[in-house]
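What follows is a single structure, written as structure tokens, with notes after it.
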2 protein chains.
Amino acid sequence: MSAKPNLTPLPGACSACTVRPFALFRVVPQARVGEIARVRSAVRLVRANETIRDTVFTLYAGWAFSWTTMPDGRRQILDFHLPGDLVERSEDGAEVSALTDASFCVLARDRLCDFMGRDPGLAMSYAEGLSRDRSRLRERLTSLGRRDAVGRLAHLLLELHGRLLRRGGADRTGAPLPLKQAHLADALGLSVEHANRALALLRRQGVASLQKGRLEILDRAELEELAGWSSAPAEPPLVTVKV
Amino acid sequence: MSAKPNLTPLPGACSACTVRPFALFRVVPQARVGEIARVRSAVRLVRANETIRDTVFTLYAGWAFSWTTMPDGRRQILDFHLPGDLVERSEDGAEVSALTDASFCVLARDRLCDFMGRDPGLAMSYAEGLSRDRSRLRERLTSLGRRDAVGRLAHLLLELHGRLLRRGGADRTGAPLPLKQAHLADALGLSVEHANRALALLRRQGVASLQKGRLEILDRAELEELAGWSSAPAEPPLVTVKV
DNA sequence: CGTTCAGTTGAAAGGCATCAATTTAGGTGG
DNA sequence: CCACCTAAATTGATGCCTTTCAACTGAACG
């Protein structure tokens, strides 16, 4: 029973951080990266399915997701987190778990607040992240409210593909996607069985397939059609700050 | 056919603003209210159902709501806005409309950004608002994903009641609520008919009633039970900034 | 080679949408 | 103050989408 070897990279020096261009601290000029290191209180590595206790962190490698449960135990996934995302475990009872093996930098909330207090650009970067989260949630709300199972699935696949594309984690025809069908179901408000059927339909129709952790987009036009996709970007540009 | 008289109050001087304690500018000390006035580019009054074109404003009186439509025309209401709320019309195609007659202060985005650039506390106040929006959306997502019609309705009624309570716009047993059943339906991802049936059930069971623009909470314990209500506040306290 | 988890598939039941009317509530003009 | 008109609220019947319950398959693993 040898422990599974650990292939997940750990975050190193902030100055050479590979995800910083997509992360909260993207606005901090190279000359001041030293200040970032002082906000980082720890570096951590977790295994898939482990729940994360830290309240504020930026994901470095791997995926995570936020979720809640109903009194009857059913789960609702609120959001998926990708490398570079700032994740906050809020006080409202939502939990955060690793979807894959993952590593991240824990931030000290008070020192982060200090930093934002000194650097309005950073505060605005923080706000941008919140704003993006919000529009993603709005899209999902629309999905759950007004789309059927296939539409929801198509929409989520497009959203994730887009997010990965922007970070260089995907090409036009597909991307690695470590989600189980249970994750899709819980994110889309469906039963696992029905999520499976919707996925099977997309596959049979030659629209898209998700197998062995990889998404293949076979007919993007049709996928967008099924999703009722608005060409508008899911992560729109937001307020820009002058400092 | 005389025009309906206008009873909606218009915002006046920022220094005496009645909603400021709940609004973005709550963090600006009285001594500096002058700076707020420079961010306000206009004061506006709209009639119920009118759509609002301004991109950033803080609602002063009346209700508003954000919404989108699917290609087939069905509407999804994304959020309701109450007096004091900062509202942004985002670039993602969502629209904002007045739910009742309403008045608001239009803000100049660039001057607002300037202000936030100078005042980190204000930037954090902005972020807090975003964060609250986000947790509200998360709650709603959970509703649409995992609650049945009655549960969704119960949850939304409790959410709105709570928001009103915090602003002094409600008492423990009820509150004025200007929503039509169609608004409830479109917010909850239901048909109007089914929203009606759910509402009728709550009324028949003596749990809550919504009539003539007023919500009455008759049995809060039961309403919370139906909603799967977590005692956690819907608008939790967030990061605090030191300036 | 047994176990377990993810993925599939089928059948039956249920919740919600849809379609169709009807009633009620407000607002308007006479 | 009443008749009238339109939007909102109701109620009923029918059908579809999704859930639920029950197996069953396949792959990974010890």
Side-chain angles (χ1 to χ4, degrees), chain A residues 1-5 47-49 70 72-77 99-101 143-154 177-204 208-215 226 228, chain B residues 1-7 47-50 70 72-77 97 99-101 143-154 177-204 208-216 226:
Chain A
M1 60 144 288
S2 58
K4 191 176 62 171
R47 281 280 139 89
N49 299 320
M70 297 272 79
D72 68 359
R74 294 172 359 155
R75 180 174 71 169
Q76 176 66 45
I77 290 183
L99 185 59
T100 65
D101 291 354
S143 251
L144 299 214
R146 294 304 187 203
R147 277 189 258 262
D148 65 10
V150 173
R152 291 182 206 182
L153 180 57
L177 218 60
L179 308 186
K180 314 274 184 210
Q181 295 187 357
H183 294 122
L184 292 174
D186 287 342
L188 299 175
L190 299 171
S191 64
V192 185
E193 295 90 333
H194 204 68
N196 175 300
R197 284 185 254 261
L199 211 41
L201 188 148
L202 289 185
R203 196 184 319 127
R204 267 188 286 113
S209 81
L210 177 59
Q211 280 168 326
K212 300 179 210 277
R214 183 162 175 87
L215 165 71
L226 288 171
Chain B
M1 60 146 285
S2 58
K4 190 176 63 169
N6 173 24
L7 301 171
R47 281 281 140 89
N49 299 320
E50 221 172 294
M70 298 271 80
D72 69 359
R74 293 167 3 149
R75 180 174 72 169
Q76 175 66 45
I77 290 183
S97 301
L99 184 60
T100 64
D101 291 353
S143 251
L144 299 215
R146 295 303 186 204
R147 277 190 258 262
D148 65 11
V150 173
R152 292 182 205 181
L153 180 57
L177 218 59
L179 308 185
K180 313 276 183 211
Q181 295 188 357
H183 293 123
L184 292 174
D186 287 342
L188 299 175
L190 300 171
S191 65
V192 185
E193 295 89 333
H194 204 71
N196 176 298
R197 284 184 252 261
L199 210 43
L201 188 146
L202 290 185
R203 194 183 320 127
R204 266 187 287 115
S209 80
L210 177 58
Q211 279 166 328
K212 302 181 210 276
R214 180 157 179 91
L215 166 72
E216 292 295 343
L226 289 170

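Residue numbers begin at 1 in each chain, while the letters A, B, ... track the order of the sequences.
- Among the atoms of the strands shown, only primed sugar atoms or phosphate atoms (P, OP1, OP2) are found under 4.0 Å from some heavy atom of B/R74.
- For B/L190 and C/dT18, the CG to C1' distance is 14 Å, given to the nearest whole Å.
- In this model, the phosphate group of C/dC5 is not approached by any side-chain N or O of A/Q181 to a distance below 4.0 Å at OP1 or OP2.
- Annotation: of the two residues near DNA chain D, B/K180 and A/V150, the 5′-most nearest-nucleotide partner is B/K180.
- Put simply, CG on B/L179 is 15 Å from C1' on D/dA9, counting in whole angstrom units.
- The CG atom of B/L144 sits 14 Å away from the P atom of D/dT19 (whole-angstrom rounding).
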| said: Please determine whether side chain to side chain contact (heavy atoms under 4.5 Å, CB included) holds for the pair B/N196 and B/E193, giving the CA-CA distance in whole Å, both sets of side-chain angles, and the decisive distance to 0.1 Å. | reply: CA-CA 5 Å; B/N196 176 298; B/E193 295 89 333; 5.5 Å; no
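- Against DNA chain D, the stretch residues 193-203 of chain B makes heavy-atom approaches under 4.0 Å through B/E193, B/N196, B/R197, B/R203.
- Every residue meeting the side-chain hydrogen bond (donor to acceptor under 3.5 Å, both in side chains) condition with B/R75, not counting sequence neighbours, appears here in chain and number order: B/D186.
- At a threshold of 4.0 angstrom between heavy atoms, the contacts of B/G189 are confined to the sugar-phosphate backbone, with no base atom among them.
- Across all strands, A/R152 comes closer than 4.0 Å to no nucleic acid atom at all (heavy-atom distances).
- Side chain of B/Q76 to backbone of B/A187: a donor-acceptor contact under 3.5 angstrom is found.
- Rounded to whole angstrom, the span from the CG atom of A/L184 across to the C1' atom of D/dT18 amounts to 16 Å.
- The nearest heavy atom of DNA chain C to A/R146 and to A/V192 marks one nucleotide each, and the one closer to the 5' end goes with A/V192.
- Under the 3.5 Å distance criterion, the side-chain polar atoms of A/R152 are matched with a main-chain donor or acceptor of A/R147.
- Each of B/I77, B/L199, B/L190, B/L177 was scored for a side-chain contact (heavy atoms from CB on, under 4.5 Å) with B/L184, with one residue passing: B/L199.
- As rounded to whole Å, 20 Å separates atom C1' of D/dA9 from atom CZ of B/R214.
- Here C/dT18 presents its P atom at 9 Å from CG of B/D72, a figure rounded to the nearest Å.
- Within the 3.5 Å criterion, the main-chain N or O of B/R74 finds no donor-acceptor partner in the side chain of A/R146.
- Nearest nucleotide to the side chain of A/D148, out of D/dC17, D/dT10, D/dT19: D/dC17.
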